[in-house]
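What follows is one structure encoded as structure tokens, with my remarks underneath.
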Amino acid sequence: MAYNEAIMDHFSKPRNVGEIEDPDGVGEVGNPVCGDMMKFTIKVKDDRLDDVKFLTFGCGAAIAVSSKVSEMAKGKTLDEAMQITNKDVAEALGGLPGNKMHCSNLGADALHKAIEDYRERQK
Amino acid sequence: MAYNEAIMDHFSKPRNVGEIEDPDGVGEVGNPVCGDMMKFTIKVKDDRLDDVKFLTFGCGAAIAVSSKVSEMAKGKTLDEAMQITNKDVAEALGGLPGNKMHCSNLGADALHKAIEDYRERQK
Amino acid sequence: MRAINLDYGAATPVDPAVLQAMEPFFAEHYGNPTSVHDLGERPRLALAEAREKVAGLLGAGPEEIIFTSSASEANNMVLKGFAAAHRSKGKHIISSVIDHFSVLNPLRTLEKEGFTVTLLPVDHHGLVDPEQLLQAITGETILISIQAANPEIGTLQPLAQLTAVAREKGIPFHTDATAAVGFVPLNVQETGVDLLTLAGDQFYGPKGSAALCMRRGTRLLPLLEGGIQEKGRRAGTENVPAIVGLGMAADLAREMLAERSSRLSILRDSLQKNLFAAVPHLHLNGHPHLRLPHNLHISVEFVEGEALLMHLNMAGIYVSSGSTCTSQALKSSHVLQAVGLIPELAQGSLLFTLGTGSEAQDAPYVAEQLSRIAAQLRRMSPLYQKYLKEGDR
Amino acid sequence: MRAINLDYGAATPVDPAVLQAMEPFFAEHYGNPTSVHDLGERPRLALAEAREKVAGLLGAGPEEIIFTSSASEANNMVLKGFAAAHRSKGKHIISSVIDHFSVLNPLRTLEKEGFTVTLLPVDHHGLVDPEQLLQAITGETILISIQAANPEIGTLQPLAQLTAVAREKGIPFHTDATAAVGFVPLNVQETGVDLLTLAGDQFYGPKGSAALCMRRGTRLLPLLEGGIQEKGRRAGTENVPAIVGLGMAADLAREMLAERSSRLSILRDSLQKNLFAAVPHLHLNGHPHLRLPHNLHISVEFVEGEALLMHLNMAGIYVSSGSTCTSQALKSSHVLQAVGLIPELAQGSLLFTLGTGSEAQDAPYVAEQLSRIAAQLRRMSPLYQKYLKEGDR
Ligand SMILES: Cc1ncc(COP(=O)(O)O)c(C=O)c1O
Ligand SMILES: Cc1ncc(COP(=O)(O)O)c(C=O)c1O
């Protein structure tokens, strides 16, 4: 397989899989046509990500990215979490294969959408 | 090698090689540009080919053909010898490779030229 | 853990008898077949023998076989060579939407050069309709090129019916039979094809061995020009070991075709049965009967193919997928699109191709593993969770 | 009787180390390098390694190597692919009269498509004149393709001088280095070539292994279209064993080039000396110094090449000839014509190419045999008899 160990680790033992019941925010990106689809649900407490869970339909990279983002985001303040970029995630995973950088590296986007959804709801 | 045994036999042990001194007839065909050149000299006695010799510059087929023609012609009457065709020679050799039929199979022509030369001289 | 290869469509191991036949031609009888001296003789005889064998498999004459380096080369040679030789007669070529890219891409290039191309549609089983072929033919049509079998969904085209249409209209018919040769009987007389592409590495011959079978009297301009190897139809020093290997593979295929195919189809049917019994929400793609004996193509609903493939790989099971992520070009399979598979199912497609190493005991193990893996990935799938909640897709 | 191969130019045996490197990739690591699962991994790594090795031999980057099935394919790819990609810039291509038919014949085809081709003449040693190249270049010139070494007469072109002219005019330079790679140092940086063709079977690699080295930024349209192997530049399943073999052969060539070449040139010089001492009326063809180290090309006056070749064959000595009768096409060598050799001498030409099996003791034996054979054939030669009688030719 063309993936490194960090990716294989997250792919085979993904962290924070699932859907939070009664989430404070929901973010969805992608669709099956392009091959990857992610749904993040979050719980917020004191402006911090108290819980982050994801559902992902997608390739090995997409699953690893989702898992890594959830791990990176959990416990962070919303502002901190909003600063996680897709690039950060790829780097934290030791790099994604070149051809996967664009299509599968959507985890931060999904997370940000969930945070934005939460903030919308607060208005 | 792509030649049969009969050809290889005549090629490696050509019969009647040489040039008759004071020949009764001389026939030359071909030239070095096309790759084959044959010179037949004959001695005629009582309208028969008393001796036939050849010189050949050419490929294996050309040498074998020359040798075979000389052998076939020797002792024949001139009229009989004039009836030997290039095709007869090829057949007597068990067949020539297809691509050699045209360029190398000139032995009968050279023999006929020598006979014609003889007949010219008789006039 | 025994590794279970179910991706023989991607590559086959060279048969031991094939390798044995090839070996003397690397360092011992290494001569050039065009050499006049003795070093050319054994290679020349070996070429002739291989030509007979490949011709024998197809019911063709040995002079109708042109050795190439790959099926792609043979396909490019046919399409470009035909176009170049016959452009004065017309500039229309017909193929199908599910043909291989080594047919479709040369056609795209020909379009840029002023040719018109009709790609026939297929039904949801992947079949081309002979009636539609008939209607597509114009006075300008110079060639029809339709594959014998699809390498993904395994569908076998009704070749004899299609060639009957072509013959009626007097148009030469090429079939890319790369996926079919060695697995289904393919006699050029019986099927009536004028040109046929095959590749040795699909049926236990070596990589780099392929051929175009071209009916006597058919004319095309060579793609590789230079020396007059292959009677001037394909330049380049003959790859003697590969050709010898192809010959031996063809001979084995001819001898064992019926036995091989029936064994493979029994194993394949058992795999299919086991999978469908163990895993819910599976879909069979391609044609239920008119398909390659060693081919099984399914979609695992709600999950993506690369993820499936990677988990199966960790369980020692090797398969292929038509998903976007598994393709080098990162495009989802044009074949699955053409048969109308919805994107979710195309993304979750798995291609199993069985082969010599396949065994009866594999089926239950693979089914058990796929069951576990599909469940695990579905737990993570937003599509599946939505389905569970809402009861629809 | 020991067989003495002096026709390594026609074919080389695969080196034992090369064959050993190839062997695991037939039946063990037989996977397809594009496969996502584990069966693709070893082949994929092996491809990458071979690419590094071939690049290493040429001083190129690995991404500049495109594997092909033969030198002929690489040459066709360059000429047709360049013409297709750059025809809007101009329609003039320059080559030489002594280039290989896999360069000349594609050029003839391009001429039919509206291209203009200039074939530079050569002097009687076979050298192209850089000044003449300069003068041939027009505003329409899109490519220059001149061989590195001639496979018959062995002449080495002054590549650096020729590429300097091309560079000054901004025109891409291709060299068909099929006869040169492995025998003379050929660094693409130092020689300044933009595209270079090589074939593994010329230097103890397997048949079916070849490559085009293409400088970064150079663009051509692919000849074989289909899958996106070789980064879309050449479609078709990679011939992994052949490529691995080519890599190993390139590595050996890099390591041993100096040693191999000096050994071969010493043996060649000795053969030349022995022949010229033993046989009267011999003529050396090609360049006396600027030639391949393993090449010796002579004409045996008054006799024809095939006859010589057959007698030598009976004595267990294998050589080649540029005579009409030894060529498959039954044409006398275009190279010998181009260097101005008169027909008699072209017909009597013999090409000796030495190789790994060549030994010092061969030279006297070959000289003795050629002496005997030449005498025997001359006795039968009308040209020689005329010469004896009339004292002139
Ligand atoms: C139907 C079909 N045609 C052509 C090809 C191309 O074969 P190759 O990669 O040997 O050129 C393939 C490859 O699998 C194929 O399945
Ligand atoms: C200079 C040169 N170019 C091209 C070729 C063609 O090589 P291949 O037969 O491997 O295609 C040859 C063959 O000997 C050659 O000598």
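Chain letters run A, B, ... following the sequence lines, proteins first and then strands; every chain starts at 1. For the numbers below, each heavy atom of this structure counts, side chains included, while hydrogens, waters and symmetry mates do not.
Both the backbone and the side chain of C/Leu223 come within contact range of chain D, each with at least one heavy atom under 4.5 Å from a heavy atom of that chain. Neither the backbone nor the side chain of D/Pro43 comes within contact range of chain C; no heavy atom of the residue lies under 4.5 Å from a heavy atom of that chain. The contact between C/Arg234 and chain D is made entirely by side chain atoms (from C-beta outward), counting heavy-atom distances below 4.5 Å. Looking at C/Gln229, there are no atoms closer than 4.5 Å to chain D (heavy atoms on both sides), in backbone or side chain. At a 4.5 Å heavy-atom cutoff, the contact between D/Val319 and chain C is made by backbone atoms alone. For D/Ala10, the parts lying under 4.5 angstrom from a heavy atom of chain C are both the backbone and the side chain. Proximity to chain D is absent for every atom of C/Pro16, based on heavy atoms less than 4.5 angstrom apart. In this structure, the portion of D/Asp201 lying under 4.5 Å from any heavy atom of chain C is its side chain and not its backbone. Interface residue D/Glu23: only side-chain heavy atoms are found under 4.5 Å from chain C. Contact of D/Tyr8 with chain C is made through the side chain alone, with heavy-atom distances under 4.5 Å. Residue contact with chain C, scored on non-hydrogen atoms closer than 4.5 Å, is absent for D/Lys112. Using a 4.5 Å cut-off between heavy atoms, D/Thr12 touches chain C through its backbone atoms (N, CA, C, O) alone. Contact of C/Met22 with chain D is made through the side chain alone, with heavy-atom distances under 4.5 Å.
Rounding to the nearest 0.5 angstrom, the gap separating the CE atom in D/Met314 from the CG atom in D/Leu312 is 9.0 Å. In this structure, the separation between CG on D/Asp38 and CG on C/Asn5 is 11.0 Å, given to the nearest 0.5 Å. Note that CD1 of D/Ile98 and CD of D/Glu152 are 9.0 Å apart. Values are rounded to the nearest 0.5 Å. With values rounded to the nearest 0.5 angstrom, D/Glu225 atom CD is found 10.0 Å from C/Ser102 atom OG.
Heavy-atom pairs under 4.5 Å with chain C were tallied for D/Leu224, D/Asp7, D/Asn76, D/Leu221; the largest tally goes to D/Asn76. Put simply, of D/Pro13, D/Pro206, D/Ala11, the one with the most heavy-atom pairs under 4.5 Å next to chain C is D/Pro13. Among the candidates C/His100, C/Met77, C/Lys80, C/Glu28, the residue making the largest number of heavy-atom pairs closer than 4.5 Å to chain D is C/Lys80. With respect to chain C, the highest number of heavy-atom pairs below 4.5 Å among D/Gly227, D/Ser209, D/Ser69, D/Ser70 belongs to D/Ser69.
Looking at C/Arg44, its side chain does come within 3.5 Å of a backbone N or O of C/Ser35 through a donor-acceptor pair. At least one donor-acceptor pair closer than 3.5 Å links the side chain of C/Glu304 to the backbone N or O of C/Glu306. A donor-acceptor pair is defined here as one N or O able to donate and one able to accept, closer than 3.5 Å; no such pair exists between the side chain of D/Thr178 and the backbone of D/Ala199.
The environment of CZ in C/Arg42 is sparse: at most 12 heavy-atom neighbours from other residues, nucleotides or ligands sit within 6.0 Å.
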Checklist entry - When you look at D/Asp15 and D/Phe203, which way does the side-chain contact (heavy atoms from CB on, under 4.5 Å) test go after all the steps? => result CA-CA 9 Å; D/Asp15 187 283; D/Phe203 55 98; over 6 Å; no
Checklist entry - Can D/Gln202 and D/Val181 be said to form a side-chain contact (heavy atoms from CB on, under 4.5 Å), step by step? => result CA-CA 8 Å; D/Gln202 289 286 314; D/Val181 169; over 6 Å; no
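Checked against the 6.0 Å centroid criterion, the rings of D/His334 and D/Phe101 qualify as a close aromatic pair.
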